[in-house]
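Lettering follows sequence order; numbering is per chain, from 1. Here the structure is a predicted model, which is why all the values come from computation and not from measurement.
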Amino acid sequence: MKKFTEKVIDIVTNIPKGKTMTYAEVANKAGSAQAARAVGSIMAKNQDRNVPCHRVIRSDGSLGPYNGLRGPSKEALLREEGAIG
DNA sequence: CAGATGACGATCA
DNA sequence: CTGATCGCCATCT
């Protein structure tokens, strides 16, 4: 039995290249449909290099903030992957 | 255990 | 549409 945090990390790691997932979607798959806030909190405190946290965006379409762990910014990375175009 | 925090989301003005 | 506010959840101190 994985914990919410582990689930979120596992899900985000499973996001295919060139695609994006909203915090609400991740939270929903993690087991809590209303834990979008918690998901962000988890990501912020758990910045693993093996987790493409830049593929996680807000539900309204905004990329949201980024600490620059995997690159300069989400937009740049998503642009390279083709998630934006 | 209780209080405070935050990479969100929806609603109101 | 834009800006501000409340409600939500899990984690950290």
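We find that CE of A:M43 is positioned 13 Å from P of B:dG9, with the value rounded to whole Å. The CG atom of A:D60 sits 13 Å away from the C1' atom of C:dT2 (whole-angstrom rounding). As a whole-Å value, the separation of A:N67 CG from B:dG6 P is 15 Å. Rounded to a whole Å, the CD atom of A:E6 is 14 Å from the C1' atom of C:dA10. For the pair A:N46 CG and C:dC9 P, the interatomic distance rounds to 22 Å; values are reported in whole Å. Taking atom CD1 of A:I11 as the reference point, atom C1' of B:dA7 lies 16 Å away to the nearest angstrom. In this entry the distance linking OH of A:Y66 with C1' of B:dG6 reads 18 Å, nearest Å. Look at CD1 on A:I42: it is 18 Å from P on C:dC8, rounded to the nearest Å.
Across all strands shown, A:A36 has heavy atoms under 4.0 Å from sugar-phosphate atoms exclusively, and none from any base. As judged by a 4.0 angstrom heavy-atom cut-off over every strand, A:K74 is placed among the base-contacting residues. Contacts of A:A44 with the nucleic acid, taken as non-hydrogen atoms under 4.0 Å apart, include base atoms. Within 4.0 Å of A:Y23, counting heavy atoms only, lies at least one base atom of the nucleic acid.
Taking only side-chain atoms of A:A38, from C-beta outward, the nucleotide of B:dA7, C:dA10, B:dA10 with the closest atom is C:dA10. Closest approach to the A:Q34 side chain among C:dC8, B:dG9, C:dA10 is made by C:dC8 (side chain taken as heavy atoms from C-beta onward). Here the side chain of A:S41 is nearest to one of C:dA10, B:dA7, B:dG9, namely C:dA10. Taking the side chain of A:F4 as heavy atoms from C-beta on, and the options C:dA10, B:dG9, B:dA7, the nearest nucleotide is C:dA10.
Here A:S32 reaches the OP1 or OP2 of C:dA10: one of its side-chain N or O atoms lies under 4.0 Å away. OP1 or OP2 of B:dG9 has at least one side-chain nitrogen or oxygen of A:R58 nearer than 4.0 Å. Dashed line: the shortest gap from a side-chain N or O of A:T5 to OP1 or OP2 of C:dA10 is not under 4.0 Å.
Within the model, atoms SG of A:C53 and CD1 of A:I15 stand 9.0 Å from one another, a figure rounded to the nearest 0.5 Å. Residue A:I11 holds its CD1 atom at 10.0 Å from CD of A:E25, rounded to the nearest 0.5 Å.
The environment of A:E80 atom CD is sparse: at most 12 non-hydrogen atoms of other residues, nucleotides or ligands sit within 6.0 angstrom.
Under a hydrophobic-cluster definition in which Ile, Leu, Val, Met, Phe, Trp and Tyr are linked whenever side-chain heavy atoms come within less than 4.5 Å, directly or via other members, A:L77 and A:I57 are assigned to different clusters.
With respect to the salt-bridge test (charged N to carboxylate O, under 4.0 angstrom), the residues A:E81 and A:K19 do not qualify.
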